[in-house]
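A short worksheet on the structure shown next.
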Amino acid sequence: MKSVIVKILFMTCLYTVVFAAHAADIAKGSAVYANNCQICHADDGSGVTPDAPDFRFGDSLIKPDKQLFSTISSGVGMMPAFRGVLSEQDILDVIAYLRTLN
């Protein structure tokens with residue numbers, strides 16, 4: 001019984017550490033957005049360049065994080081790929097920030 005409790009506590013601690021390390025940081029996402037995205041998407045997410053989505057209304061954000069991650073990583077249309085420019089965590093932080101714009 002004692003070994004089962006120890007295993008459960010160990011696994012709980014392990015999951016907490018792993019998931020906490022991957023939690024998105026909206027403040028960091030805001031800074032990454034300002035440095036890399038704002039020039040085309042505007043400071044408020046309204047979009048500056050042709051075909052840039054308007055993030056304020058959320059239509060372009062009604063997608064799972066995985067799909068947004070892929071779009072940011074690979075690029076689409078006039079948007080360049082950010083794979084190798086931004087870390088995976090930076091991209092996740094930007095996605096979390098984008099979801100606050102509407």
Side-chain angles (χ1 to χ4, degrees):
M1 179 69 174
K2 185 177 179 181
S3 65
V4 171
I5 293 172
V6 170
K7 287 180 184 179
I8 291 171
L9 288 174
F10 173 76
M11 292 304 290
T12 302
C13 290
L14 180 64
Y15 287 131
T16 301
V17 169
V18 169
F19 289 117
H22 294 289
D25 183 338
I26 293 170
K28 186 175 177 209
S30 174
V32 173
Y33 177 90
N35 290 328
N36 297 277
C37 313
Q38 184 172 317
I39 192 165
C40 295
H41 293 282
D43 60 342
D44 64 353
S46 61
V48 175
T49 59
D51 297 326
D54 188 338
F55 297 126
R56 297 172 303 164
F57 299 110
D59 294 347
S60 56
L61 297 176
I62 303 176
K63 299 174 184 168
D65 287 355
K66 184 177 180 178
Q67 188 175 354
L68 293 172
F69 186 94
S70 177
T71 298
I72 295 169
S73 294
S74 303
V76 64
M78 293 178 59
M79 184 178 132
F82 282 92
R83 182 180 297 120
V85 175
L86 300 176
S87 70
E88 289 183 5
Q89 188 62 52
D90 286 342
I91 295 172
L92 293 172
D93 294 341
V94 167
I95 292 168
Y97 173 71
L98 289 175
R99 296 199 184 282
T100 70
L101 294 177
N102 58 1

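All residue numbers in this chain count up from 1 along the given sequence.
The aromatic rings of His41 and Phe55 are tilted relative to each other, their planes meeting at an angle between 30° and 60°.
Under the 4.5 Å side-chain heavy-atom criterion for Ile, Leu, Val, Met, Phe, Trp and Tyr, Leu92 and Val85 are members of the same hydrophobic cluster. Leu98 and Phe57 are members of different hydrophobic clusters when ILVMFWY side chains are connected at heavy-atom separations under 4.5 Å. Ile39 and Tyr33 fall into different hydrophobic clusters, defined by Ile, Leu, Val, Met, Phe, Trp and Tyr side-chain heavy atoms under 4.5 Å apart, directly or through other members.
When every heavy atom of Pro50 is checked against every heavy atom of Met78, the shortest pair comes out as O-SD, 4.1 Å. Residue Asp54 comes nearest to Ser46 through the heavy atom pair OD1-CA, 3.5 Å, listed as atom of the first residue, atom of the second, then distance. A pairwise comparison of heavy atoms in Gly47 and Ala52 identifies CA-CB, 4.0 Å as the closest pair. Residues Ile91 and Ser73 share a closest heavy-atom pair of CD1-OG, 3.5 Å.
For the pair Arg99 (side chain) and Leu61 (backbone), a donor-acceptor distance under 3.5 Å is present. Judged purely by atom type and a 3.5 angstrom limit, Gln38 has no side-chain atom pairing as donor or acceptor with the backbone of Gly45.
For the pair Val48/Cys40, no side-chain contact is recorded, criterion being any heavy-atom separation below 4.5 Å from C-beta on.
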Pair Met79-Ile72, side-chain contact (heavy atoms from CB on, under 4.5 Å): steps then yes or no: CA-CA 8 Å; Met79 184 178 132; Ile72 295 169; 4.0 Å; yes
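In this structure, OG in Ser74 is found 9.0 Å from CZ in Phe69, a value given to the nearest 0.5 Å. The line from CD1 of Ile95 to CD of Gln67 is 10.5 Å long, rounded to the nearest 0.5 Å.
The side chain to side chain contact (heavy atoms under 4.5 Å, CB included) test with Tyr97 singles out one residue from Thr100, Asp93, Val94, and that residue is Thr100.
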